[in-house]
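For clarity, every value in this text was computed on a predicted model and none was experimentally measured. When a ligand or atom number is given, it counts from 1 through the structure's own listing order.
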Amino acid sequence: MSDKLAIHGGEPVRTRPFTSGNKVGKEELKELIDVIDSGAMNRWGGTKVVAFEEEFGAIHGAQHAIASTSGTAAIHIGVGMVNPSPGDEIITGPITDIGSIVPILYQGAIPIFAECDAETLNMDPADIEAKISDRTVAIMAIHLFGNPCDMDAIMDIAARHDLPVIEDCSQAHLSEHDGRLVGTIGDIGCFSLQQSKHITCGDGGITITNNEEYGIRGRLFMDKGWHRAQYGPRVYEVFGPNYRMNDLSGAVAVAQTRKLRDIIALRRARGDLLCELLADNPHVRPQRLLDGCKHTYWQFGMRVEDDAPFAPEDFAKALVAEGVSCGAHYIGRPIFLCHEAVRNQRLFGDSRYPFDRGREGIVYDDSTCPRTQHVLDRMVQPVCPTQFMPEEDIHDIGRAIRKVSEGLG
Ligand SMILES: Cc1ncc(COP(=O)(O)O)c(C=O)c1O
């Protein structure tokens with residue numbers, strides 16, 4: 001193979017598609033058949049959602065595991081556990097899916113965004129602390145792409161300010177920080193089972209906690225606040241929506257949960273191998289992993305260094321020409337700039353709720369997280385190693401990245 005880049009007419013590193021696979025199979029089908037045979041498809045009366053909660057909870061050593069309809073729902077349940085008053089603030093990260101933010105706003109709280117670190121691509125603990133105000137009621141840490149946040153620093157800040165920590169683990173199933181699973185380090189862990197996630201039931205979510213009060217409140221919040229064990233006139237104990245997972249989803253989710261450790265072991269091995277192959281790669285570096293942490297590579301985040309002799313878009317284009325798909329800039333802008341209504345703080349009719357209940361002067365514009373915009377501007381995401389890819393595929397990805405980094409340099 002010549003060193004001439006494919007965009008300059010050279011031979012591409014890869015001409016075949018990367019190996020893919022079906023995330024679900026006979027194990028999921030068997031559980032689904034049980035549900036159809038039983039005719040009980042609701043979580044109340046069915047057995048699969050309950051089994052999913054028990055088994056996912058057991059993996060995490062969590063006393064309370066509450067299944068729901070999406071990662072957004074799982075986070076909403078987490079926010080509902082904390083029960084903010086209108087205008088209270090939750091500090092979170094600006095590089096995420098809108099599903100981290102919508103629950104905060106629906107619950108009447110205001111997201112305050114901490115800057116992200118250029119190397120880890122995760123929230124910068126120093127800026128989390130700088131953003132704490134007398135209205136702050138929680139910190140929501142987001143483990144971007146499966147890379148654990150600096151949880152030592154975040155938990156230290158939370159302890160000093162007496163704040164609960166919600167972990168958004170939507171992209172980070174079984175990621176580890178000093179031997180502890182993410183989602184179990186803070187007070188509440190929230191996971192997505194949307195199609196693209198490490199495990200999936202099409203759409204689904206789960207919220208875990210070892211806090212008894214949160215657990216009881218969260219379970220009620222998930223089911224319209226209805227305390228079903230009571231007899232007599234109906235009593236709703238908590239104000240909440242219907243986020244019940246149905247038993248068909250539960251059937252797939254429990255079968256997926258039984259595969260979770262194997263999926264993650266393979267995915268981690270493949271992702272770690274790619275990091276090794278890129279250890280001294282010039283100009284473009286993988287997301288930095290903190291000491292003692294284990295990544296799970298939902299996506300393979302990389303950063304084009306500020307002094308690289310090429311732009312991130314040129315790198316992405318050249319890599320695509322080598323037969324390796326590559327995105328640039330992930331969500332493009334901090335999440336609050338991606339959503340017109342959030343940016344303008346006009347969410348409910350023509351009111352300013354909940355912003356009219358909060359502190360003066362909270363704005364979402366280019367000045368809110370300038371450092372994060374720079375981080376996004378330098379970010380590229382080559383195709384992520386998956387559990388389906390043989391090592392040979394990973395070597396091709398590594399070769400192509402190195403060829404482009406060196407060739408463009
Ligand atoms: C970090 C993060 N948080 C929350 C969500 C929301 O999850 P869901 O799409 O299952 O509602 C996602 C989904 O992409 C996500 O990546």
Side-chain angles (χ1 to χ4, degrees), residues 23 49 52 56 65-81 90-107 109 111 113-114 116 120-123 138-149 151 154 165-175 182-183 186 188-208 221-222 241-246 249-250 252-253 256-257 260 267 287 295-301 327 329-336 338-339 342 369 372 375-376 379 381 384:
K23 290 180 169 177
V49 173
F52 166 50
F56 195 91
I66 301 158
S68 58
T69 49
S70 68
T72 307
I75 293 167
H76 198 173
I77 291 166
V79 176
M81 288 172 173
I90 297 183
I91 299 178
T92 190
I95 305 183
T96 188
D97 179 79
I98 198 72
S100 312
I101 308 308
V102 166
I104 298 175
L105 290 161
Y106 255 102
Q107 212 49 32
F113 295 95
C116 289
T120 64
L121 311 181
N122 276 327
M123 295 158 68
I139 297 169
M140 185 191 292
I142 299 162
H143 306 294
L144 194 74
F145 300 159
N147 187 22
C149 292
M151 289 307 289
I154 292 175
V165 174
I166 302 171
E167 293 178 77
D168 179 351
C169 312
S170 297
Q171 306 180 352
H173 305 64
L174 300 195
S175 293
V182 300
I188 299 164
C190 310
F191 299 79
S192 167
L193 278 83
Q194 176 267 343
Q195 181 71 42
S196 71
K197 298 297 168 12
H198 294 93
I199 56 170
T200 181
C201 56
D203 264 313
I206 189 159
T207 312
I208 58 173
F221 188 93
M222 171 271 292
N242 173 359
Y243 280 149
R244 292 191 306 264
M245 177 182 274
N246 70 63
S249 299
V252 178
Q256 288 272 288
T257 299
L260 179 58
R267 199 151 180 136
Q287 192 177 18
H295 205 304
T296 46
Y297 305 102
W298 178 67
Q299 287 206 22
F300 199 82
H329 315 311
Y330 188 37
I331 58 172
R333 294 176 294 171
I335 193 69
F336 49 82
C338 298
H339 195 305
V342 171
C369 287
T372 297
V375 172
L376 286 163
M379 205 189 277
Q381 312 104 242
C384 189

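For N147 (side chain) and L121 (main-chain N/O), no donor-acceptor pair under 3.5 Å exists by modelled atom type. Between the side chain of S192 and the backbone N or O of S170, no donor-acceptor pair lies under 3.5 Å.
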Which protein N or O atoms sit under 3.5 Å from any N or O of ligand 1? Give atom names and distances.
unit_1: ligand 1; atom_1: 3 (N); unit_2: S100; atom_2: OG; d: 3.2
unit_1: ligand 1; atom_1: 3 (N); unit_2: D168; atom_2: OD1; d: 3.4
unit_1: ligand 1; atom_1: 3 (N); unit_2: D168; atom_2: OD2; d: 2.7
unit_1: ligand 1; atom_1: 3 (N); unit_2: S170; atom_2: OG; d: 3.3
unit_1: ligand 1; atom_1: 10 (O); unit_2: G71; atom_2: N; d: 2.7
unit_1: ligand 1; atom_1: 10 (O); unit_2: S192; atom_2: OG; d: 2.7
unit_1: ligand 1; atom_1: 11 (O); unit_2: G71; atom_2: N; d: 3.3
unit_1: ligand 1; atom_1: 11 (O); unit_2: T72; atom_2: N; d: 2.9
unit_1: ligand 1; atom_1: 11 (O); unit_2: T72; atom_2: OG1; d: 2.5
unit_1: ligand 1; atom_1: 14 (O); unit_2: K197; atom_2: NZ; d: 2.8
unit_1: ligand 1; atom_1: 16 (O); unit_2: Q171; atom_2: NE2; d: 2.8

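The side-chain contact (heavy atoms from CB on, under 4.5 Å) search around T372 returns P94, I95, E115, C116, P334, C369, L376, not counting sequence neighbours. Judged as a ring pair (Phe, Tyr, Trp, His ring centres under 6.0 Å), and not counting sequence neighbours, the contacts of Y297 are H295, F300. Scanning for ring pair (Phe, Tyr, Trp, His ring centres under 6.0 Å) contacts around F191 gives F56, H60, H173, with sequence neighbours left out.
Nearest heavy-atom pair, C201 versus S249, reported as atom, atom and distance to 0.1 Å: CB-O, 3.4 Å.
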